[in-house]
Asker: 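Here it is, the structure, as structure tokens.
Every chain is numbered from 1 and lettered A, B, ... according to where its sequence line falls, protein lines coming before strand lines.
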Amino acid sequence: MSEKVRTRFAPSPTGYMHIGNLRSALYGYLFAKKNGGEFILRIEDTDQGRYVDGAVQIIYDTLRDAGIEYTEGPDKGGPYGPYMQSQRKEIYMEYAKKLIETGAAYYCFCTPERLASMKDTSVQDANGVTRYDKHCLSLSKEEVEEKLKAGVPFVIRQNIPAEGKGTYHDMVFGEVTVDYKDMEDGILIKSDGMPTYNFANVVDDHLMHINYVIRGVEYLSSTPKYNLMYDAFGWERPHYMHLSPVMKDAQHKLSKRNGDASYEDLVQKGYIKEAILNYIALLGWAPKDNSEKMTLAEMIDKFSVDGLSKSPSIYDEAKLRWLSGEYVKEMSEEEFLKRAEPFIAKSKAYGKYDVKLLAKLLQPRTEVLGDIPAKIDFLEEYGAFDLALYDNKKQKCSAEVAKNILPALLDEMRGWEDYSNAALYEKLVAFAAERGVKNGQVLWCLRIALTGTAVTPGGASEMAELLGKERCIDRLGRAIANLR
RNA sequence: GGCCCCUUGGUCAAGAGGUUAAGACAUCGCCCUUUCACGGCGGCAACAUGGGUUCAAUUCCCGUAGGGGUCACCA
């Protein structure tokens, strides 16, 4: 039991990497690293019909981007390759034949027509479910040879015992038992010579020395079938860890088909990567100490199987958003600028204002980088605005007050040279004192006059600094004109 | 429908046979304040249900309901 832990992530390249997939990869990675083991990537592309161009690349990119490192994989090599199932075709056939020799599998020559005819006739059980009737199991060795020689298309099926139950221990669900009579003699090798998942995963996991199989709950009740094969081969069964799904709501799984967010989408929307990974780790798992914000290294350190939840978890973007904001806030100014600039660049204001200053103002009020353009577009959309914006009960401000204050303020501001935030603030407060009005009245009116916007990423002096003297004078003049 | 599995606030979740049943997000209110945020403080809000077992069950057992998964030459 001192055997080195080896886990694997085995996605099929059928499209984008959704949150649930990434989470499975993460958990496999965390478990392996926590135990000083290896995390391996295997691509399950045995269904040519479902293959999507570029999907494998997305898998590589996403894992790399997220920081989930695998030590063996199609693009990295390793001692038990190839790691792409389509390149292992012969291996599966060889092992399938071994299973046939032991009686755990058999050739089946039934035509699609015969199979289809079973559906609507006699052979259904009480629930209307049709299972293969083991018709070809009774073929003699000679008959099989003959058909094989004649080139009759065939499939290889698993020979499930008619009686008995399969029991195993799952690391998160505990004891799981399934009756063999509820299982069908599933196809192991398809007529095109390719294995099905049901067979390939067993052969590969064994050959690749995977001793901890971590995957979605959808395999929970078919696992006894796999164990039957491990037993038939005389192989040691792996440990199993089944993961409950990530849901969009109480009854729907998160899926790309429904337009639900994939890792890529979230990154594109400007969620901080580290936050995405952190959040999905928390979806279905909680560390002993209940930490929430964790680095990958901390997650590895805190990972434990008993923190995994058995019930499905509903994905909540609001919490992801919050976490993303937490990561934004702790970034250095430089780091934030680096990550935010591409998003600032999407705004009309880009290039017209000091981007460093913009970033500084934005950082404490940003959770998702994609929100940035909408926060600063107003800088370039100045025009006539609703005078009601001057109304602010708390600051005792209104258009009337503005009419009173602004002209004199404009005169003052023409004479100011230093438009840095600190200098501006000092002078504005002094101006308020001189006139015997509240700071808030001056500041509120000025900010509205300068921006024509209710919500801005900063106060009056900050907006004035950002705009610069020339724009300030110009806008103030226009605002005053609008007040008449 | 059969089978397998699950069930603590709106969401993520901790928890244990005896607790005032944590915490976080969201939400609401207050404070701070140069808007918006940040921050601080506080509020609302949960053990699906019916039976057992037990001195005591939200926690253990059974049923019911609800939910998920599965029943493919898909993974």
Asker: Which protein N or O atoms sit under 3.5 Å from an N or O of nucleotides 35-37 of chain B?
Answerer:
| from | atom 1 | to | atom 2 | distance (Å) |
| --- | --- | --- | --- | --- |
| B:U35 | OP1 | A:Gln395 | NE2 | 3.4 |
| B:U35 | O2' | A:Arg447 | NH2 | 2.8 |
| B:U35 | O2' | A:Ala454 | O | 3.4 |
| B:U35 | O2 | A:Arg447 | NH1 | 3.3 |
| B:U35 | O2 | A:Thr456 | N | 3.4 |
| B:U35 | O2 | A:Thr456 | O | 3.1 |
| B:U35 | O2 | A:Thr456 | OG1 | 3.3 |
| B:U35 | N3 | A:Thr456 | O | 3.2 |
| B:U35 | N3 | A:Gly458 | N | 3.3 |
| B:U35 | N3 | A:Gly458 | O | 2.7 |
| B:U35 | O4 | A:Arg365 | NH1 | 3.0 |
| B:U35 | O4 | A:Gly458 | N | 3.1 |
| B:U35 | O4 | A:Gly458 | O | 3.2 |
| B:U35 | O4 | A:Gly459 | N | 2.8 |
| B:C36 | O2 | A:Arg365 | NH1 | 3.1 |
| B:C36 | N3 | A:Arg365 | NH1 | 2.5 |
| B:A37 | O2' | A:Pro364 | O | 3.3 |

Asker: Whole-Å distance between B:A14 P and A:Trp285 CH2?
Answerer: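 About 11 Å, once rounded to whole Å.
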
Asker: Would you mind classifying the nucleic acid contact of A:Thr177 as base, sugar-phosphate or nothing, using non-hydrogen atoms under 4.0 angstrom?
Answerer: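 Since only primed, P, OP1 and OP2 atoms lie under 4.0 Å of A:Thr177, the category is sugar-phosphate.
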
Asker: So, are A:Lys288 and A:Asp306 salt-bridged, with charged N and O less than 4.0 Å apart?
Answerer: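 Result for this pair is yes, salt bridge flagged.
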
Asker: Could you list the residues that satisfy salt bridge (charged side-chain N to carboxylate O under 4.0 Å, His left out) with A:Lys190, not counting sequence neighbours?
Answerer: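 Per chain and number, A:Lys190 pairs via salt bridge (charged side-chain N to carboxylate O under 4.0 Å, His left out) with no residue.
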
Asker: Nearest to the side chain of A:Thr196 - B:A75, B:A13, B:C3?
Answerer: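 That would be B:A75.
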
Asker: Which residues in residues 289-296 of chain A have a heavy atom closer than 4.0 Å to any atom of RNA chain B?
Answerer: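 Residues of residues 289-296 of chain A under 4.0 Å from RNA chain B: A:Asn290, A:Glu292.
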
Asker: Taking salt bridge (charged side-chain N to carboxylate O under 4.0 Å, His left out) as the test, write out the residues that go with A:Lys97, two or more places apart.
Answerer: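 Salt bridge (charged side-chain N to carboxylate O under 4.0 Å, His left out) check on A:Lys97 returns nothing, list empty.
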
Asker: Measure from CG on A:Leu188 to C1' on B:A75 and round the result to the nearest Å.
Answerer: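 From A:Leu188 CG to B:A75 C1': 14 Å.
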
Asker: Please measure how far the P atom in B:C61 lies from the corresponding atom in B:C25, and state the result in whole Å.
Answerer: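 Taking atom P in both B:C61 and B:C25, they lie 34 Å apart.
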
Asker: Whole Å only: how far is the OH atom of A:Tyr315 from the C1' atom of B:A24?
Answerer: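 Rounded to the whole Å, the gap is 17 Å.
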
Asker: In dot-bracket form, how is RNA chain B paired, counting a Watson-Crick or G-U wobble pair only if both its distances are under 3.5 Å and using | for bases paired to another strand?
Answerer: (((((((..(((.....[....))).(((((.......)))))....(((((..]....))))))))))))....

Asker: Strictly below 4.0 Å: does A:Lys190 bring a side-chain N or O up to OP1 or OP2 of B:A75?
Answerer: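 Yes, A:Lys190 has a side-chain N/O under 4.0 Å of OP1/OP2 on B:A75.
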
Asker: Under 4.0 Å between a side-chain nitrogen and a carboxylate oxygen: does that hold for A:Glu274 and A:Arg339?
Answerer: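 A salt bridge is present here (some side-chain N lies under 4.0 Å from a carboxylate O).
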
Asker: Charged N to carboxylate O under 4.0 angstrom, A:Glu367 versus A:Lys329?
Answerer: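 Not counted as a salt bridge, because no side-chain N and carboxylate O are separated by less than 4.0 Å.
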
Asker: Can you build the contact string for nucleotides 66-72 of chain B? Use B for base contact, S for sugar-phosphate-only contact, and - for no protein heavy atom under 4.0 Å.
Answerer: -SSBSSS

Asker: Across the strands shown, which category fits A:Ser12 at heavy-atom distances under 4.0 angstrom: base, sugar-phosphate, nothing?
Answerer: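 Sugar-phosphate, no base atom in range.
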
Asker: By the 4.0 Å heavy-atom rule, please label A:Glu367 as base, sugar-phosphate, or nothing.
Answerer: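 No contact.
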
Asker: Between the protein and nucleotides 30-33 of chain B, list every N/O to N/O distance that falls short of 3.5 Å.
Answerer:
| from | atom 1 | to | atom 2 | distance (Å) |
| --- | --- | --- | --- | --- |
| B:U33 | O4 | A:Lys394 | NZ | 2.0 |

Asker: Would you say B:C4 has OP1 or OP2 under 4.0 Å from some side-chain N or O of A:Ser222?
Answerer: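 No, A:Ser222 has no side-chain N/O under 4.0 Å of OP1/OP2 on B:C4.
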
Asker: Tell me, please, whether A:Phe109 has A:Lys147 positioned over its six-membered ring: NZ or CZ under 6.0 Å from the ring centre and within 45 degrees of its axis?
Answerer: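 Satisfied, under 6.0 Å and within 45°.
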
Asker: Name every residue in residues 13-22 of chain A that has at least one heavy atom under 4.0 Å from any atom of RNA chain B, in order of residue number, or write none if there are no such residues.
Answerer: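 The answer is none.
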
Asker: Using salt bridge (charged side-chain N to carboxylate O under 4.0 Å, His left out) as the criterion, list what pairs up with A:Glu218, not counting sequence neighbours.
Answerer: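 Listed in chain order: nothing, the list is empty.
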
Asker: Please enumerate all residues that pass salt bridge (charged side-chain N to carboxylate O under 4.0 Å, His left out) together with A:Glu292, with sequence neighbours excluded.
Answerer: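 With neighbours one apart ignored, the set is A:Lys319.
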
Asker: Hey, is the side chain of A:Lys288 pairing donor to acceptor with the base of B:A14 inside 3.5 Å?
Answerer: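 Such a pair does not exist between side chain and base.
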
Asker: Should the side chain of A:Ser244 and the base of B:C6 be counted as holding a donor-acceptor pair, with the cut-off at 3.5 Å?
Answerer: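 Such a pair does not exist between side chain and base.
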
Asker: Kindly confirm or rule out a cation-pi arrangement of A:Arg478 over A:Tyr382, judged by NZ or CZ under 6.0 Å from the six-membered ring centre and within 45° of its axis?
Answerer: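 Relative to the ring axis of A:Tyr382, which defines the angle, A:Arg478 lies outside at least one limit.
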
Asker: Need one value for A:Val155: base, sugar-phosphate or nothing, where a base atom within 4.0 Å counts as base even if backbone is also close, heavy atoms only.
Answerer: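 Base, at least one base atom sits under 4.0 Å.
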
Asker: Using a cut-off of under 3.5 Å, enumerate the N/O to N/O pairs linking the protein to nucleotides 40-45 of chain B.
Answerer:
none

Asker: Per the salt bridge (charged side-chain N to carboxylate O under 4.0 Å, His left out) rule, what does the pair list look like for residues 197-208 of chain A, sequence neighbours excluded?
Answerer: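 Sorted pair list: A:Arg8-A:Asp205, A:Arg42-A:Asp204, A:Arg42-A:Asp205, A:Arg88-A:Asp204.
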
Asker: Are A:Lys248 and A:Tyr315 in a cation-pi setup, meaning NZ or CZ lies under 6.0 angstrom from the ring centre and within 45 degrees of the ring axis?
Answerer: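 Verdict for A:Tyr315: no cation-pi partner in A:Lys248.
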
